[in-house]
Each structure stands twice: as structure tokens, then as C-alpha cells.
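Here is the structure we will look at.
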Amino acid sequence: MKSARRRSRELATQGLYQWLLSGAPAGEIDAQLRGAQGFDKADQEHLDTVLHGVIRENAELSADLLPCLDRPIEQLSPVERAVLLVAAYEFKHHVEIPYRVVINEAVELAKTFGGSDGYKYVNGVLDKLALQLRATEAQAGRANR
């Protein structure tokens, strides 16, 4: 069974995917997600925080991701982009979530919603981003591998 936090990440990813493709207002996307199957099983507070936070901070989060990418962010698939934005937001604003958990959850999202090898790309980008946004924690984690 999926955790409520995982379900909230899945819904946030779906909402961000829709937002990236349609440019619909956050409130409209939020309203549609509330009708989605499994919404009642999601950590709704986390979903709200991540969805609205990513939309609000898209430019800043995209700038954080840019040095870790091998191409312009606009050339990423919308699924990979949404997953990376969710993870970047969690790195910055949810330091109580260990960086490895953020990466593992993002990889699972990419496997669920993305292309066959998209999760490998997401993993590589987030390894680099962790060193940028959570340097102390990421360096300690690498030393312990």
C-alpha cells in the first residue's frame, strides 16, 4: 500500500504535468486534483504545499536545476520536469525529509509516470542537485556509501 506522502507526490506530479502543458491557473488544477481517484488517501497538506510552492517558485527551482541538466529545461519531457521540480522543492523546503528519500521518491515517480529510462536521468540530476542544495548531508551520505 502506498503511503499518504507518496500519493501526495503522485498527485502533485500529475497536477504539475497538467500545469506545464496547459498553463492553467493553480486553483483550477487544484480543484481537478481534489476529484482525482485516491485524493482522500493523500497527505493533502503536503500536496497543497508542494503543488502551489512549485508553481509559485517555478523560475527559481528551474534555475537551481539548470546547472545539473544536459539540455535546456524546456527540452525535458513534462513528466521528468514535473518530477524534478517536486524534488527540488522538497530539497529546499522540507529538510526534515532526508535527501536520499527525496531522490528515491522522485525515481519512483519517474518510473510510474515517465518513459522507460527517464528515472535514470532523474536520479543523476538529483544526485548533482543534492550536492548543490544539501551539500553537507549529501557529502556525508556519499562518504558512508
Side-chain angles (χ1 to χ4, degrees), residues 1-138 141-142:
M1 194 173 112
K2 290 180 188 168
S3 72
R5 184 67 58 92
R6 164 126 349 131
R7 188 70 192 122
S8 68
R9 288 185 184 101
E10 288 176 349
L11 288 168
T13 300
Q14 289 172 305
L16 291 166
Y17 175 87
Q18 184 181 343
W19 177 73
L20 287 167
L21 291 180
S22 71
E28 192 178 301
I29 290 169
D30 190 279
Q32 286 179 1
L33 288 176
R34 290 181 187 284
Q37 185 177 355
F39 177 80
D40 56 325
K41 294 178 175 66
D43 177 339
Q44 293 169 15
E45 184 180 336
H46 192 70
L47 169 59
D48 287 346
T49 303
V50 172
L51 177 69
H52 294 281
V54 169
I55 291 172
R56 186 177 54 252
E57 297 178 27
N58 175 51
E60 184 183 323
L61 295 169
S62 295
D64 290 334
L65 284 163
L66 204 55
C68 306
L69 303 175
D70 62 356
R71 57 190 176 261
I73 197 163
E74 298 77 24
Q75 290 180 11
L76 296 178
S77 81
V79 169
E80 288 171 4
R81 190 170 169 189
V83 168
L84 289 170
L85 287 167
V86 167
Y89 185 86
E90 286 189 335
F91 273 160
K92 289 185 96 156
H93 298 288
H94 290 279
V95 294
E96 76 281 3
I97 303 172
Y99 88 101
R100 292 293 325 151
V101 171
V102 173
I103 293 174
N104 290 340
E105 288 291 317
V107 165
E108 289 306 313
L109 288 170
K111 284 179 180 177
T112 300
F113 297 115
S116 57
D117 284 341
Y119 73 92
K120 294 175 186 173
Y121 184 74
V122 164
N123 188 52
V125 169
L126 293 178
D127 264 345
K128 293 176 194 168
L129 189 64
L131 287 172
Q132 184 180 309
L133 296 179
R134 297 231 192 137
T136 305
E137 184 185 0
R142 286 182 177 203

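It should be emphasised that the depicted structure is a prediction, and the values quoted were computed from it without experimental measurement.
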Shortest non-hydrogen pair, Ala26 vs His52, comes out as CB-ND1, 3.8 Å
Nearest 0.5 Å, what's the CD1-CG distance between Ile103 and Asp127? 4.5 Å
Hey, does His93 have a side-chain heavy atom less than 4.5 Å from the side chain of Thr49? no
What is the distance from atom CG of Leu16 to atom CG of Asn58, rounded to the nearest 0.5 Å? 8.5 Å
From Arg34 CZ over to Ile29 CD1, what is the distance, rounded to the nearest 0.5 angstrom? 13.0 Å
Distance from Leu33 atom CG to Ser8 atom OG, nearest 0.5 Å? 11.0 Å
Hey, what do you get for CD (Gln32) to CG (Leu11), rounding to the nearest 0.5 Å? 12.5 Å
Val83 vs Phe113, side-chain contact (heavy atoms from CB on, under 4.5 Å): CA-CA, chis, key distance, verdict: CA-CA 9 Å; Val83 168; Phe113 297 115; 5.6 Å; no
Please check if atom NZ in Lys41 has more than 12 non-hydrogen atoms from other residues, nucleotides or ligands closer than 6.0 Å. no
Correct closest heavy-atom pair for Ala106 and Leu126 would be CB-CD1, 3.3 Å
The salt bridge (charged side-chain N to carboxylate O under 4.0 Å, His left out) partner of Glu105 among Lys2, Arg9, Arg100 is Arg9
With a 4.5 Å cut-off on side-chain heavy atoms, are Glu80 and Val125 touching? no
Phe39 backbone acceptor or donor facing Gln44 side chain under 3.5 Å: yes
Leu51 side, atom CG; Gln14 side, atom CD - distance, nearest 0.5 Å: 11.0 Å
So which heavy atom on Leu65 is nearest to which on Leu129, and how close? CD2-CD2, 3.6 Å
Between Leu109 and Val122, does the side-chain contact (heavy atoms from CB on, under 4.5 Å) criterion hold? Intermediate values first, please. CA-CA 10 Å; Leu109 288 170; Val122 164; over 6 Å; no
Taking atom CD of Glu96 as the centre, does the number of heavy atoms from other residues, nucleotides or ligands within less than 6.0 Å exceed 12? yes
What heavy-atom pair brings Val54 and Leu61 nearest, and what distance separates the two atoms? CA-CD1, 3.9 Å
Could you please spell out the steps behind the salt bridge (Lys or Arg N to Asp or Glu O under 4.0 Å) verdict for Arg7 and Asp40? CA-CA 9 Å; Arg7 188 70 192 122; Asp40 56 325; over 6 Å; no
How about Arg5 and Ile97: do any of their side-chain heavy atoms sit closer than 4.5 Å? yes
A side-chain contact here means heavy atoms from C-beta on lying under 4.5 Å apart; do Tyr89 and His94 qualify? yes
Kindly write out the residues that satisfy side chain to side chain donor-acceptor pair (under 3.5 Å) with Asp70, not counting sequence neighbours, or none if the list is empty. Tyr121
Going by heavy atoms in the side chains, are Glu137 and Phe91 under 4.5 Å from each other? no
Tightest non-hydrogen contact, residues Ala138 and Leu131, listed as CB-CD2, 3.8 Å
Work out which heavy atom in Tyr99 is nearest to a heavy atom in Ala130; give both atom names and the distance. CD1-CB, 3.5 Å
